[in-house]
J.: 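What follows is a structure written as structure tokens; I'll ask about it next.
Letters A, B, ... mirror the listed sequences (proteins, then strands); counts begin at 1. Because the structure is a prediction, the values reported are computed rather than measured.
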Amino acid sequence: LAHRITGIAVILFLFAHVVDTAVVGWGPEAYNRVTTVYHNWVVKLLELGLVAAVLYHAINGVKIMVFDFWPSTTRHMKPISAASTLLFLAGMAPITWLMGKAILESAGVL
Amino acid sequence: MAVGTRERPPAGASRGGFLGYRGRERPAGGFELWSWLFMRVSGVVLLVLAVGHVLIMHVLDEGVDRVDFGFVATRWASPFWRTWDWALLVLALVHGINGLRVVVQDYVRWPGARFAVNMGFYVIGFLLFVLGTVVVFTFDPSKWPGAV
């Protein structure tokens with residue numbers, strides 16, 4: 001279920017993201033107005049969520065493929081699921097650090 | 001009912017619940033088998049394209065703070081990045097919308113509504129594919145001298 005939630009979140013963002021990126025075709029004035037939206041700290045918080053969703057969906061997708069293509073591994077479902085969760089958290093730690101700094105800077109805290 | 005719309009148990013019910021979700025059962029054949037395989041193959045490619053894109057654009061080197069018109073103009077001066085971004089556009093749209101189709105199959109039971117919802121997503125996907133493709137391949141920053 002978490003795989004679906006993150007997948008839906010990512011595709012819905014993609015719908016908006018294709019449109020906002022397409023604005024580059026209308027010149028610097030229009031596009032730079034669009035990108036200032038992304039400099040808002042609330043939007044950056046959502047952006048951190050987006051990165052987490054992409055990473056979770058990616059790692060969990062690999063886990064699903066391992067189970068699909070090597071069915072015998074489902075005997076070790078628990079440790080493999082735990083490993084994929086751990087991998088996700090390990091990846092998110094430095095990402096949260098880097099993006100967190102940028103969020104706090106935009107919010108005027110740092 | 002058409003191919004691929006046969007009833008399946010609701011999401012997660014038989015596939016191990018919230019954290020133990022194992023993906024969909026491999027379909028027996030036909031369109032659904034190709035769809036199943038496509039999701040896995042495109043998933044592997046997107047592992048590089050999408051995760052790479054997110055890390056480069058959103059996490060490393062000041063993230064989105066450095067993204068503006070000049071940044072895109074410099075980046076898209078390289079055919080490598082234009083190709084990357086276009087491949088990402090196409091694969092992510094097809095992977096994402098096919099994913100929505102699978103989810104809709106589970107939650108939207110009435111065939112008429114299911115057809116309408118899917119068609120809505122296909123139309124959005126097609127329009128975004130056209131829009132994205134046109135912009136990626138026709139973008140020419142020299143139309144705005146001095147902007148880069």
J.: With ring centroids as reference points, do B/Phe139 and B/Phe69 lie under 6.0 angstrom apart?
T.: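 They qualify: ring centres under 6.0 Å apart.
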
J.: Got more than 12 heavy atoms from elsewhere within 6.0 Å of CZ, B/Phe126?
T.: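 No, the 6.0 Å shell around CZ holds no more than 12 heavy atoms from other groups.
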
J.: For B/Arg75, enumerate each residue passing the salt bridge (Lys or Arg N to Asp or Glu O under 4.0 Å) test, keeping only those at least two apart in sequence or located in another chain.
T.: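 Listed in chain order: B/Asp85.
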
J.: Shortest non-hydrogen contact from A/Ser84 to A/Lys63?
T.: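 That closest heavy-atom pairing would be OG-CD, 3.5 Å.
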
J.: Considering non-hydrogen atoms only, spot the tightest contact between B/Val136 and B/Arg82 and give its length.
T.: O-NH1, 2.7 Å

J.: Quick check: are there more than 12 heavy atoms from other residues, nucleotides or ligands sitting under 6.0 Å from CZ of B/Phe115?
T.: no

J.: Given a strict heavy-atom distance threshold of 4.5 Å, which part of B/Leu128 is in contact with chain A: side chain, backbone, both, or neither?
T.: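 Both backbone and side chain.
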
J.: Is A/Val62 in contact with chain B via its backbone, its side chain, both, or neither, using a 4.5 Å heavy-atom distance?
T.: side chain

J.: Just to be sure I understand the criterion: a residue of residues 91-99 of chain A counts if one of its heavy atoms is under 4.5 Å from a heavy atom of chain B. Which ones qualify?
T.: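 Residues A/Ile95, A/Leu98, A/Met99 are the ones that qualify, each having a heavy atom under 4.5 Å from chain B.
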
J.: Less than 4.5 Å to any heavy atom of chain A: does that hold for the side chain of B/Leu93, its backbone, both, or neither?
T.: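 Interface part for B/Leu93: both.
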
J.: If you take all heavy atoms of B/Thr133 and B/Trp86, which pair is closest and at what distance?
T.: OG1-NE1, 3.0 Å

J.: Most heavy-atom pairs under 4.5 angstrom with chain A, which of B/Leu46, B/Leu127, B/Thr138, B/Ile97?
T.: B/Ile97

J.: Got a second to check how far A/Thr6's OG1 is from A/Asn60's CG, nearest 0.5 Å?
T.: 7.0 Å

J.: Can you tell me which portion of B/Phe129 sits under 4.5 Å from chain A's heavy atoms? Options are side chain, backbone, both or neither.
T.: neither

